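Remarks on the structure that follows.
Since the model is a prediction, treat every value here as computed from it, not as a measurement.
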Amino acid sequence: MTDYHKFDDIRPYRDEEIPAAMQRIASNRSFPLVAQFVYPELTVEEAARQVRGYKTTYDFQLGAMVSMNRQVIEGTITDFTLGGAEKLDTSKRYLYVSNHRDIVLDSCILMYALHLEGHDTGEITFGSNLMQGELVVDIGKSNKMFRVDRGRNPRELYSTSVHLSEYIRYAITEKKQSVWIAQRNGRTKDGIDRTDQGVIKMFGMSGPKDRVDALDELNIVPVSVSYEWESCDILKALELYESRNGEPYIKKPGEDLNSILTGIMQDKGRVHFQICDSLRREELEALRDVPNVQFHREVAQIIDKRICADYKLFPNSFIAHDLRYGSTRYADRYTKDQYDAFVAHMAELNKYSDDPVLQDIFLGIYANPIESKN
């Protein structure tokens, strides 16, 4: 058995740590803002009293996180659908590898939806760059989030990757917790969902020496997330625009928090989450004799094919594709009202620049998933 103290630097809170965390959350000066959104029917004092009453992770998730996800879905999503949940066995634990469009909601909404389907919630990776400030740390770690170190120098990257790999395997095989992780470092900002083969390499750094056994043991399940209105689309386009000449993009103070809040509060239209077919052992066995680099690349490609095939295209993708390429190829896939709404939203870019390059980057966010499917 693994010594669980080995992971104290990254793990979520244990149940015995929850009461103290709840006291800190309820006493934080920013709590009234949180309470107003999560518990709109309660006064701040009532909300604080409720939070202080949570004694376990389950209490916190059933009380605070269920309420938060319900508010997001009812307030910002016109139609939420989940497909493929019937493929999952409630007695098994999985490693969900998801395309990543929204910092918080991709994982949180998935866990909420699976909870409604009778599955236990899983643990969630959360970048160290985002886990800043006592309130965010306490909420995250109480919500089964564990830290993924970001910004390490190359010398430290190997050891942190091994540590992360060991924790993921420990969570699935010993703690009996499913785990959510994004297919790449950071969100997809250009609409192209591709799995970083380095993530696949990281999965295999722990566990059995046999690389097929090492991945098969994790029960990898790709997840495809589709938003009608892309989370933080304007912000993503601006970031890509500013870094278009190869210059590293330097985030402004508070930018990550702004993206989190924008993603939560903005209208999303229709949203679909699809549980894809899991990676089968025979698929991994077919790659047994290939070199390591090719093995990691081809496993990543299997995941990509599933995510892209199950990505749900909404009218905005077809509108963007027609606008980007000056055609009417997909005119039968959208109405005039939908077209006008998309063009009006895109016009917000003019507040920042009227450069056609910025507009093309924005259109790519919506149009590129069509190319990925083809």
Restricting to non-hydrogen atoms, name the atom on [X] and the atom on [Y] that form the minimum distance, rounded to 0.1 Å.
X	Y	answer
D106	D102	OD2-N, 2.9 Å
L82	A113	CD2-CB, 3.8 Å
I168	F146	CG1-CZ, 4.1 Å

Of R147, K175, K144, K141, which is the lone residue that meets salt bridge (Lys or Arg N to Asp or Glu O under 4.0 Å) with E123? K175
Testing K305, K87, R306 for salt bridge (Lys or Arg N to Asp or Glu O under 4.0 Å) with D277, which one passes? K87
Could you tell me whether Y58 and Y54 have their ring centroids closer than 6.0 angstrom? no
In a check of side chain to side chain contact (heavy atoms under 4.5 Å, CB included) between R101 and each of R187, E230, K189, which one passes? E230
Transitive ILVMFWY side-chain link [X] to [Y], under 4.5 Å:
X	Y	value
Y241	I192	no
Y325	L313	no
M111	V72	yes
V148	V104	no

Would you say that [X] contacts [Y] through its side chain, given a criterion of any heavy-atom pair below 4.5 Å between the two side chains?
X	Y	result
V223	Y94	no
L135	F31	no
L105	V271	no
I307	Y311	no
V136	F126	yes
S259	L235	yes

Where do V34 and I25 land on the side chain to side chain contact (heavy atoms under 4.5 Å, CB included) test, with the steps shown first? CA-CA 10 Å; V34 175; I25 290 172; 5.9 Å; no
So, [X] versus [Y]: side-chain donor-acceptor pair below 3.5 Å or not?
X	Y	value
T81	H272	yes
N316	R270	no
D322	Y339	no
S224	D310	no
D149	H163	no
D89	S91	yes
D233	Y227	no

Any donor-acceptor N/O pair, [X] side chain to [Y] backbone, under 3.5 Å:
X	Y	answer
E348	A344	no
R93	T90	yes
S67	Y39	no
D59	T56	yes
T76	I73	no
D304	T195	yes
R324	H321	no
N69	M65	yes
S165	M202	yes
K201	D196	no

Hey, mind stepping through S142 and I18 against side chain to side chain contact (heavy atoms under 4.5 Å, CB included) and telling me if it holds? CA-CA 7 Å; S142 299; I18 294 297; 3.8 Å; yes
Can you tell me how far [atom2] of [Y] sits from [atom1] of [X], rounded to the nearest 0.5 angstrom?
X	Y	atom1	atom2	result
L284	L279	CG	CG	5.5 Å
R52	M22	CZ	CE	11.5 Å
Q183	R194	CD	CZ	8.5 Å
L238	K236	CG	NZ	12.5 Å
S159	M205	OG	CE	10.0 Å
Y366	L323	OH	CG	12.5 Å

Please determine whether salt bridge (Lys or Arg N to Asp or Glu O under 4.0 Å) holds for the pair R11 and E17, giving the CA-CA distance in whole Å, both sets of side-chain angles, and the decisive distance to 0.1 Å. CA-CA 12 Å; R11 63 167 176 79; E17 297 169 298; 2.8 Å; yes
Parallel, tilted or perpendicular for W229 and F342, by the 30°/60° rule? parallel
If you measure from the Lys or Arg side-chain nitrogens to the Asp or Glu carboxylate oxygens, is any gap between D210 and R288 under 4.0 Å? yes
Hey, are K6 and E166 close enough for a salt bridge, meaning a charged N less than 4.0 Å from a carboxylate O? yes
Run K312 and Q274 through side chain to side chain contact (heavy atoms under 4.5 Å, CB included) and show every step you take. CA-CA 9 Å; K312 186 168 185 176; Q274 181 68 35; over 6 Å; no
Could you check whether atom CD of Q36 has more than 12 heavy atoms from other residues, nucleotides or ligands sitting under 6.0 Å from it? no
Would R211 and F295 count as a cation-pi pair here, with the cationic atom under 6.0 angstrom from the ring centre and within 45° of the axis? yes
